[in-house]
J.: 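Here you go, one structure.
Just so it is clear, the model here is predicted, and its values are computed rather than measured. Order of the sequence lines sets the chain letters (A, B, ...), proteins ahead of strands, with each chain counted from 1.
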Protein chains: 2
Amino acid sequence: MQKAHSDLAAKLEQELRRGVLMLAVLSQLKDNQYGYSLRHALDAKGMPIEEGTLYPLLRRMEEQGLLQSEWKIEDGPPRRYYRRSKDGERIYRDLAEQWRALVGTVEGLMEESTS
Amino acid sequence: MQKAHSDLAAKLEQELRRGVLMLAVLSQLKDNQYGYSLRHALDAKGMPIEEGTLYPLLRRMEEQGLLQSEWKIEDGPPRRYYRRSKDGERIYRDLAEQWRALVGTVEGLMEESTS
DNA sequence: CTATATACATAGTTACACACAGTATGTCAA
DNA sequence: TTGACATACTGTGTGTAACTATGTATATAG
């Protein structure tokens, strides 16, 4: 059956996106935003991410000093708002540059084998 | 000290490159090539990869049916030559397309926050 | 008052990159 | 001939991170 192929392809696609998730999150947190809304924003822009991935990721990034957060109680349920910290800004710029370099490298690797 | 920052940045860069390694390997294995030479070829093209990463990766990809290999004994020590299989060709095309899509998505995510 | 959307959290599983160490062959120069 | 270095591959252990699944709690609509 064709199942094996599509399973593998899906797994590989996931691996592809893995390293990019942090960059994607950083890119969206210039202004305050909470997890749930961030998740839907990313989804709308073609970068879906599971809850079980996003929330731990946000916590981790705060631990690493890339994000700052605070609880806010408004109309709805309590929400935790995140935004980039000073370090987060710097790392984001570094990471964005590394990303562009990587894109160039991969382009170079692939171009020879264009069918 | 600045150490913490550069450590983190290095770790993130590694994560960034992680998903791309398989794509990079696939891109180079249109023709027969053995691990050691492949490693140096990738290094020369801006995609360095550790031995402890590359060799298990090649084995794994063969298990998954993406590569075919055979031992050859010539002048030097025995070498294991790898090349893309039929499935490998197909997956490579899929993966390359997903990569291009991902590049577009990330571009879209980042462009708003250009300083 | 019950179903659904909102909002966040976490335990468990799996996969992978790397550091480190080991084995063995080939080459070259003192 | 021996010792150093490059070549070529293998294996173990460790750490990190994404996902699945599940749980908790608050709002809102019928």
J.: Distance-only, no hydrogens or angles: does the Ser69(B) side chain make a donor-acceptor pair with backbone N or O of Tyr81(B) under 3.5 Å?
T.: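 Side chain of Ser69(B) to backbone of Tyr81(B): no pair is present.
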
J.: What's the CD-P distance between Glu74(B) and dT7(D), to the nearest Å?
T.: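 Between P of dT7(D) and CD of Glu74(B): 16 Å.
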
J.: Between dA17(C) and Arg17(B), is there an OP1 or OP2 to side-chain N/O distance shorter than 4.0 Å?
T.: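 No.
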
J.: Measure from the side chain of Tyr34(B), starting at C-beta and using heavy atoms only, and say which of dT26(D), dC19(D), dA8(D) lies closest.
T.: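 Out of dT26(D), dC19(D), dA8(D), the nucleotide with an atom closest to Tyr34(B)'s side chain is dA8(D).
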
J.: Find the distance between CG (Leu23(B)) and CG (Leu109(A)) and round it off to the nearest 0.5 Å.
T.: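 Leu23(B) atom CG to Leu109(A) atom CG measures 8.0 Å (nearest 0.5 Å).
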
J.: If you compare every side-chain N and O of Arg59(A) against the phosphate oxygens of dT10(C) (OP1, OP2), does one of them come in below 4.0 Å?
T.: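 Result: yes.
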
J.: Report the residue (Lys11(A) or Arg80(A)) whose heavy-atom-nearest nucleotide on DNA chain C is the more 5′ of the two.
T.: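 Closer to the 5' end of DNA chain C: Arg80(A).
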
J.: Minimum heavy-atom separation for Ile91(B) to Leu26(B), with atom names?
T.: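 Scanning both residues, the minimum pair turns out to be CG2-CD1, 4.4 Å.
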
J.: What nucleotide, of dA18(D), dT6(C), dC16(C), holds the atom closest to the side chain of Thr53(A)?
T.: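 So the nucleotide nearest the side chain must be dA18(D).
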
J.: Taking NZ from Lys72(B) and P from dA8(D), how many angstroms apart are they, rounded to a whole number?
T.: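 So the two atoms are 14 Å apart, to the nearest Å.
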
J.: Minimum heavy-atom separation for Pro48(B) to Arg17(B), with atom names?
T.: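 Where Pro48(B) meets Arg17(B) most closely, the heavy atoms are O-NH2, 2.8 Å.
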
J.: Which residue, Gly52(A) or Arg79(A), contacts DNA chain C at a nucleotide closer to its 5' end, judged by nearest heavy atom?
T.: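 Between the two, 5'-proximity favours Arg79(A).
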
J.: What is the nucleic acid contact for Leu21(B), judged by heavy atoms within less than 4.0 Å: base, sugar-phosphate only, or nothing?
T.: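 Sugar-phosphate: the residue Leu21(B), judged by heavy atoms under 4.0 Å, touches backbone atoms but no base.
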
J.: Among the candidates dT7(D), dA19(C), dA17(D), find the nucleotide nearest to the side-chain atoms of Glu50(B).
T.: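 That would be dA19(C).
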
J.: Side-chain N or O of Tyr55(B) less than 4.0 angstrom from OP1 or OP2 on dT10(D)?
T.: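 Indeed not, no polar side-chain atom of Tyr55(B) lies that close.
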
J.: Could you check Asp75(A) against Leu12(B) and say which one's nearest nucleotide on DNA chain D is further toward the 5' end?
T.: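 Whichever sits nearer the 5' end wins; that is Leu12(B).
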
J.: With a 3.5 Å distance limit and no angle check, can you tell me whether Thr105(B) reaches the backbone of Met47(A) through a side-chain donor-acceptor pair?
T.: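 Pair absent, no side-chain N/O of Thr105(B) close to backbone of Met47(A).
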
J.: Just how far, in rounded Å, is P of dA9(C) from CZ of Arg39(A)?
T.: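 Atom CZ in Arg39(A) sits about 14 Å away from atom P in dA9(C).
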
J.: Would you confirm whether Arg39(A), through its side chain, and Ile49(A), through its main-chain N or O, come within 3.5 Å as a donor-acceptor pair?
T.: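 Side chain of Arg39(A) to backbone of Ile49(A): a pair is present.
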
J.: I need the CD-C1' distance between Glu15(A) and dC19(D), as an integer number of Å.
T.: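 After rounding, the gap between these two atoms is 11 Å.
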
J.: Atom CH2 of Trp71(A) and atom P of dA7(C): how far apart are they, to the nearest Å?
T.: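 The answer, rounded to whole Å, is 11 Å.
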
J.: Counting any heavy atom closer than 4.0 Å, what does Pro56(B) reach on the DNA or RNA strands: base, sugar-phosphate only, or nothing?
T.: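 Nothing, no heavy atom under 4.0 Å.
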
J.: NA contact type, Gly76(A), heavy-atom cut-off 4.0 Å: base, sugar-phosphate, or nothing?
T.: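 Counting heavy atoms under 4.0 Å across all strands, the contact made by Gly76(A) is with sugar-phosphate only.
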
J.: So, is Arg18(B) close to the dT16(D) phosphate, meaning a side-chain N or O under 4.0 Å from OP1 or OP2?
T.: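 Checking dT16(D) against Arg18(B), no side-chain N or O comes under 4.0 Å of OP1 or OP2.
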
J.: Measure from CD on Glu51(A) to P on dT10(C) and round the result to the nearest Å.
T.: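 Glu51(A) atom CD is separated from dT10(C) atom P by 14 Å.
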
J.: What is the distance, to the nearest angstrom, from the CD1 atom on Ile73(B) to the P atom on dA24(C)?
T.: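 One finds 15 Å between P of dA24(C) and CD1 of Ile73(B), rounded.
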
J.: To the nearest Å, give me how far apart NE2 (His40(A)) and C1' (dT6(C)) are.
T.: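 For the pair His40(A) NE2 and dT6(C) C1', the rounded distance is 8 Å.
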
J.: Return the 5'-most residue of the pair Met22(A), Pro77(A) with respect to DNA chain D, ranking by each residue's nearest nucleotide.
T.: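 Comparing both residues, the 5'-ward one is Met22(A).
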
